[in-house]
Amino acid sequence: MTTSPIHNRYLSNQEDLGIVAVGFSGGQGKVGVDEGPEVLIKSGLLTQLHTELGYNIHGDDKVHLYPELLPKSQDDDPPYRGMKNPLAVSAVTRRIAEQTYEHSRQGRMTLTLGGDHSIAIGTVAGVAKATRERIGRETAVIWVDAHADINTPEDSDSGNIHGMPLAFLTGIAKEEREEYFGWIKEDMRLNPRKLVYIGLRDVDKAEKRILREHNIKAFSMFDIDRHGIGRVVEMALAHIGNDTPIHLSFDVDALDPQWAPSTGTPVRGGLTLREGDYICESVHQTGSLVAVDLVEVNPKLAEDQMVGVQETVRAGCSLVRCALGESLL
Ligand SMILES: [Mn+2]
C-alpha cells in the first residue's frame with residue numbers, strides 16, 4: 001500500500017510504480033545529463049519511494065543507454081531539417097514510448113528519470129497511447145519548465161531537439177518519415193488544448209507565436225508573481241478539467257538556479273523549491289496523475305562546486321516524492 005491517502009481514479013494499480021531510467025543526452029549539446037538518472041538513483045530515490053511512500057517498484061533501476069539504437073558515428077546521423085542527432089533522438093524516444101506504454105498499459109504510475117527533455121517525446125507518446133487504449137481518454141500534460149520546448153525544427157536556432165518535443169507531440173511540427181519522428185501516430189499525440197505550462201521565462205519569438213496561434217495555456221513567472229503559485233496551479237488544473245488523466249513533465253530548470261544549478265540551460269528568476277514541491281503535491285492531490293518525468297539534472301555541470309550537484313539532486317528527489325504522494329503533514 002502507498003502511504004498516500006489520495007485515491008487515483010485512473011490507475012488500476014496505484015501502488016505499482018513503473019520506472020524508466022534514461023541516460024540520454026542527444027537532444028542537446030552538453031555531456032553529463034545522461035548521468036542524471038544514475039545520481040538520482042544513487043542518492044536513494046527509488047529506495048525512498050519504496051520504503052517511505054510504499055510503492056512496489058517495477059522495471060529497472062538499471063539506467064538505459066540504448067547503445068544498440070545509436071548510429072555508429074556522427075557521420076551516420078547528419079542534420080535533418082536543421083535538427084542535431086535526429087536519427088538517434090528519434091530511435092531512442094521511440095523505444096522510450098514503448099517502455100512507458102508498457103508500464104502505463106498495466107495501470108501503473110509511470111516515472112521517467114532523464115536525460116534531456118527530448119525524452120518526453122517518448123514518455124508522453126507512450127503514456128498517451130496507453131491511456132487512450134485503457135480508459136478511452138486523452139492525457140493532459142503539465143509542462144513545468146523555464147522554456148516552452150515547442151520550437152519547430154525550422155524555427156530552432158540551436159537545432160537541439162530538447163527544445164522541440166512539444167512541437168512533435170502536438171503535431172505542430174509535421175514529419176512523414178518514420179525514422180525522423182514520423183512514428184508518432186495520431187493515438188500518441190497531445191491535444192494542444194490539454195497542454196498547460198508553468199514557470200516559463202525564456203520563450204523564443206517563434207514559440208510565442210505558436211502559443212498564441214494555438215491558444216495554448218501558459219503561466220509564466222509573471223503570472224506566478226501576480227497571482228501566487230496556489231492560484232496559478234488552481235487555474236492550470238481548471239483549464240485541464242477534472243475528467244482528464246495528467247502527465248507531469250518537470251524540467252528541473254524550472255527551479256531557480258539557486259535551487260537547481262546543475263542543469264544545461266539555467267535561467268535566473270525561477271521557481272523556489274517550495275513552489276516546485278507545491279506544484280507536484282497539488283497535482284498528486286487531484287488523483288488524476290498517471291505519469292511523471294523529471295529531466296535535465298546534469299551532475300557534470302557545476303561539478304567544481306559539489307554543493308551545486310547535491311542541491312540539484314536533492315531538489316529533484318523532493319519534486320518526485322511530492323508528485324508521488326509525500327506531504328508535509
Ligand atoms: Mn525543458
Side-chain angles (χ1 to χ4, degrees), residues 22-30 32-34 36-37 40 83-85 89 92-93 96 100 111-125 127 141-153 155-170 172-173 181 190 192 195-204 206-208 210-211 216-221 224 236 247-257 259-271 275-276 279-280 283 291-298 301 312 315-316 319-320 323:
V22 179
F24 184 69
S25 62
Q28 50 87 63
K30 293 175 185 167
V33 71
D34 44 308
L40 288 163
M83 292 184 278
K84 292 174 183 158
N85 315 315
V89 181
V92 167
T93 53
I96 295 166
T100 56
L111 170 65
T112 305
L113 304 173
D116 74 63
H117 219 165
S118 70
I119 68 172
I121 296 173
T123 65
V124 171
V127 170
V141 171
I142 301 181
W143 196 272
V144 186
D145 206 311
H147 312 89
D149 296 350
I150 198 163
N151 268 306
T152 62
D155 285 335
S156 165
D157 289 332
S158 68
N160 291 330
I161 299 175
H162 77 155
M164 311 177 193
L166 287 165
F168 282 105
L169 286 164
T170 53
I172 289 169
F181 304 106
L190 165 63
L195 167 62
V196 185
Y197 290 102
I198 301 177
L200 298 184
R201 56 194 183 277
D202 185 10
V203 180
D204 298 335
E207 291 182 305
K208 288 183 182 170
I210 288 177
L211 298 190
I216 293 170
K217 199 72 172 171
F219 297 96
S220 69
M221 291 309 300
I224 294 166
H247 184 141
L248 175 66
S249 196
F250 205 116
D251 187 323
V252 84
D253 77 19
L255 298 184
D256 191 89
W259 303 100
S262 303
T263 189
T265 47
V267 188
R268 295 190 302 168
L271 300 171
E275 287 168 334
I279 294 168
C280 294
V283 174
V292 180
D293 310 327
L294 179 74
V295 300
E296 300 281 358
V297 171
N298 186 337
L301 299 175
T312 311
L319 294 169
V320 170

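Each ligand, and each atom within it, is numbered from 1 in the order the structure gives.
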Novice: Can you measure from CZ (Phe168) to CE (Met83) and round to the nearest 0.5 angstrom?
Specialist: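 Result: 4.0 Å between the selected atoms.
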Novice: Would you give the length of the straight line joining atom OG1 of Thr93 to atom CG of Leu169, rounded to the nearest 0.5 angstrom?
Specialist: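 So the gap between those two atoms works out to 9.0 Å.
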Novice: Calculate the angle formed at the Mn ion (ligand 1) by ND1 in His117 and OD2 in Asp145; 10° precision is enough.
Specialist: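 Value, to the nearest 10 degrees: 90°.
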Novice: Between Asp251 and Asp253 (side chain of the first, backbone of the second, donor and acceptor by atom type, cut-off under 3.5 Å), is there such a pair?
Specialist: yes
Novice: Among side-chain atoms of Asp293 and His247, is any donor-acceptor pair under 3.5 angstrom?
Specialist: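 The answer is yes; a qualifying pair exists.
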Novice: Find, among atoms of Asp251 that are N, O or S, the one nearest to the Mn ion (ligand 1), and state its name.
Specialist: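 It is OD2, the N, O or S atom of Asp251 closest to the Mn ion (ligand 1).
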Novice: Of all the N, O or S atoms in Asp149, which has the shortest distance to the Mn ion (ligand 1)?
Specialist: OD2
